[in-house]
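Quick notes on the structure that follows.
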Number of protein chains: 2
Amino acid sequence: MRDERFCASNCPFTRAIGTIGNKWKPIIINVIGTRTVRFGQMDSIIPIISRKVLAEQLKELEEDGLLERMAYKELPPRVEYKLSEKGLAFLPILDSIKEWNCKYEVTPLTEAPGQKSRITYAADLIDRKTFVPKKIAKVATDAVIKD
Amino acid sequence: MRDERFCASNCPFTRAIGTIGNKWKPIIINVIGTRTVRFGQMDSIIPIISRKVLAEQLKELEEDGLLERMAYKELPPRVEYKLSEKGLAFLPILDSIKEWNCKYEVTPLTEAPGQKSRITYAADLIDRKTFVPKKIAKVATDAVIKD
DNA sequence: CAGGATCCTATTCGATACTG
DNA sequence: CAGTATCGAATAGGATCCTG
């Protein structure tokens with residue numbers, strides 16, 4: 001998920017793309033935003049990502065200094081993630097990507113206007129109301145069977 | 001390479017990530033920049049991408065309105081690519097990603113200072129001097145054999 | 001020259017089960 | 001709760017050959 005060839009480049013731009021150039025990391029960074037978020041929260045906000053991939057991406061983001069992980073020695077365990085200074089500095093870039101898309105997208109879907117914070121927005125986007133992810137469909141099927 | 005689930009989201013940010021959220025497209029857009037570039041040029045500027053993947057990415061970028069493809073009816077054929085207005089509007093975002101990385105990267109490699117244009121810079125980054133890509137190594141081997 | 005088609009391999013990803 | 005381990009399926013990607 002991190003392209004080591006890109007990261008080994010002597011070009012800072014290429015290295016940056018090697019680090020954050022995939023589809024999950026911008027989404028994760030955007031979802032965390034300025035908040036402090038627990039692992040399970042992220043998993044339910046972004047239901048289409050599997051817990052395995054989520055854990056992998058979070059680990060890489062931590063290694064690359066984009067976020068800070070705080071594990072509390074409790075039972076049941078509690079782990080909180082928040083963006084580092086580097087990660088926070090990336091948020092304006094994500095905002096500009098959204099603005100860019102809104103301005104130039106050929107066939108934009110209808111979008112409810114109003115005051116959407118970064119987080120509620122991100123939550124709206126990739127969730128069960130927007131498109132039915134596989135694992136949610138699976139859960140629904142199970143529920144029907146149980147009934 | 002385009003995540004259709006992301007593109008079907010009702011969130012413009014998620015759709016944007018579904019469109020350009022991979023490692024190749026930012027590189028390609030950056031390499032083209034404000035120039036008009038031929039297919040073969042791109043293939044030699046970015047030697048680590050295979051021609052197949054390059055063609056696929058270019059087609060998607062064209063479909064998404066980021067670049068314009070001009071095919072001249074000549075023999076041998078000549079095809080030129082240049083960024084559309086939408087694609088050009090994405091360049092400042094790529095610049096800000098580079099600046100962000102330069103400012104916050106934990107262990108940046110040494111970088112030669114000086115006046116580097118977008119293009120020569122991109123060419124430096126992913127090429128045979130930076131790290132030896134497989135197909136260049138192959139070509140070199142062939143050359144040795146020929147000699 | 002600029003690709004398309006084909007075949008094959010490597011990598012990613014998801015589902016499931018398990019643990020401290 | 002917050003992961004990790006394992007396995008199998010899906011996908012990305014490379015090599016090669018072919019064509020207008």
Side-chain angles (χ1 to χ4, degrees), chain A residues 1-6 18 21-25 27-28 32 36-63 67 69-81 126 132-142, chain B residues 1-7 18 21-25 27-28 32 36-63 67-82 126 132-139 141-142:
Chain A
M1 338 141 198
R2 200 162 28 183
D3 191 311
E4 298 303 336
R5 300 171 304 171
F6 280 49
N22 72 36
K23 62 189 175 194
W24 293 120
K25 286 174 182 169
I27 297 290
I28 291 172
I32 299 179
T36 296
V37 188
R38 298 182 58 169
F39 184 86
Q41 281 183 294
M42 305 204 49
D43 189 47
S44 45
I45 293 175
I46 320 176
I48 63 165
I49 196 172
S50 68
R51 295 171 74 87
K52 176 196 167 195
V53 173
L54 177 59
E56 289 169 349
Q57 299 290 311
L58 287 172
K59 181 172 287 186
E60 287 188 1
L61 285 171
E62 188 194 0
E63 289 171 358
L67 57 78
R69 178 180 181 276
M70 296 159 298
Y72 299 89
K73 301 216 172 303
E74 304 170 356
L75 232 88
R78 178 165 57 101
V79 178
E80 295 180 341
Y81 294 91
I126 317 187
V132 182
K134 288 172 189 168
K135 66 179 177 183
I136 296 300
K138 183 63 168 51
V139 169
T141 304
D142 290 348
Chain B
M1 338 142 197
R2 202 162 28 184
D3 192 310
E4 299 303 336
R5 301 171 303 172
F6 280 47
C7 293
N22 73 35
K23 62 188 175 194
W24 294 119
K25 286 174 183 169
I27 297 290
I28 291 172
I32 299 179
T36 296
V37 187
R38 297 182 59 171
F39 184 86
Q41 282 183 293
M42 304 204 51
D43 188 47
S44 46
I45 293 175
I46 319 176
I48 63 164
I49 196 173
S50 69
R51 295 171 73 87
K52 175 196 168 195
V53 174
L54 176 59
E56 289 169 347
Q57 299 291 311
L58 287 172
K59 180 173 287 186
E60 287 189 1
L61 286 171
E62 188 194 359
E63 289 171 357
L67 56 79
E68 293 162 13
R69 178 180 182 275
M70 297 158 298
Y72 298 89
K73 302 216 172 302
E74 304 171 355
L75 233 87
R78 179 165 57 100
V79 178
E80 294 181 341
Y81 295 90
K82 69 183 182 71
I126 317 185
V132 182
K134 289 171 188 167
K135 67 178 176 183
I136 295 300
K138 181 64 168 50
V139 168
T141 303
D142 291 346

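Lettering follows sequence order; numbering is per chain, from 1.
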Tell me: [atom1] of [X] to [atom2] of [N], nearest whole Å?
X	N	atom1	atom2	value
Arg2(A)	dT12(C)	CZ	P	11 Å
Glu4(A)	dA10(C)	CD	C1'	15 Å
Leu54(B)	dG14(D)	CG	P	11 Å
Ile49(B)	dG14(D)	CD1	P	8 Å

Any Lys/Arg nitrogen of Arg69(A) or Glu80(A) sitting under 4.0 Å from an Asp/Glu carboxylate oxygen of the other?
->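 No, Arg69(A) and Glu80(A) are not salt-bridged.
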Considering only NZ, NE, NH1 and NH2 on the basic side and carboxylate oxygens on the acidic side, decide whether Arg2(B) and Glu63(B) come within less than 4.0 Å.
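Answer for the salt bridge query: yes.
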Nearest-nucleotide 5' precedence on DNA chain C, Glu56(A) against Leu75(A)
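Result of the comparison: Glu56(A).
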Considering heavy-atom distances to DNA chain C, does Val53(A) or Gln41(B) have its closest nucleotide positioned more toward the 5' end?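 On the 5' side of the pair lies Gln41(B).
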Identify which nucleotide among [options] has an atom closest to any side-chain atom of [X], counting heavy atoms from C-beta outward.
X	options	answer
Pro77(B)	dA2(C), dG13(D), dC13(C)	dA2(C)
Arg38(B)	dG3(D), dC7(C), dC1(C)	dC1(C)
Pro76(A)	dT4(D), dC1(D), dG14(C)	dC1(D)
Lys23(A)	dC13(C), dG4(C), dG13(D)	dC13(C)
Met1(B)	dA12(D), dG20(D), dG3(D)	dA12(D)
Val79(A)	dT12(C), dG3(C), dA2(D)	dA2(D)
Tyr81(A)	dG3(D), dA15(C), dA15(D)	dG3(D)

Classify [X] by what it touches in the nucleic acid, base, sugar-phosphate, or nothing, heavy-atom distance under 4.0 Å.
X	value
Lys73(B)	nothing
Tyr72(B)	nothing
Arg69(A)	sugar-phosphate

Can you tell me if Asn22(B) uses its side chain to pair, donor with acceptor, with the backbone of Lys25(B) under 3.5 Å?
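Yes; judged by distance alone, with no hydrogens or angles, the pair exists.
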* Indicate yes or no for a side-chain donor-acceptor contact from Gln41(B) to the backbone of Arg38(B) under 3.5 Å, with no hydrogens or angles considered. =>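 Side chain of Gln41(B) to backbone of Arg38(B), a donor-acceptor pair under 3.5 Å: yes, one is there.
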- Distance below 4.0 Å between Trp24(B) side-chain N/O and dA12(D) OP1 or OP2: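 So the side chain of Trp24(B) is outside the cut-off, no N or O lying under 4.0 Å from OP1 or OP2 of dA12(D).
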- Task: Please state whether the phosphate of dA12(D), meaning OP1 or OP2, lies under 4.0 angstrom from any side-chain nitrogen or oxygen of Lys52(B).
- Result: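 No, no such contact exists.
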TODO: Classify the angle between the aromatic ring planes of Phe6(A) and Trp24(B) as parallel (below 30°), tilted (30 to 60°) or perpendicular (above 60°).
DONE: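 Phe6(A) and Trp24(B): perpendicular rings.
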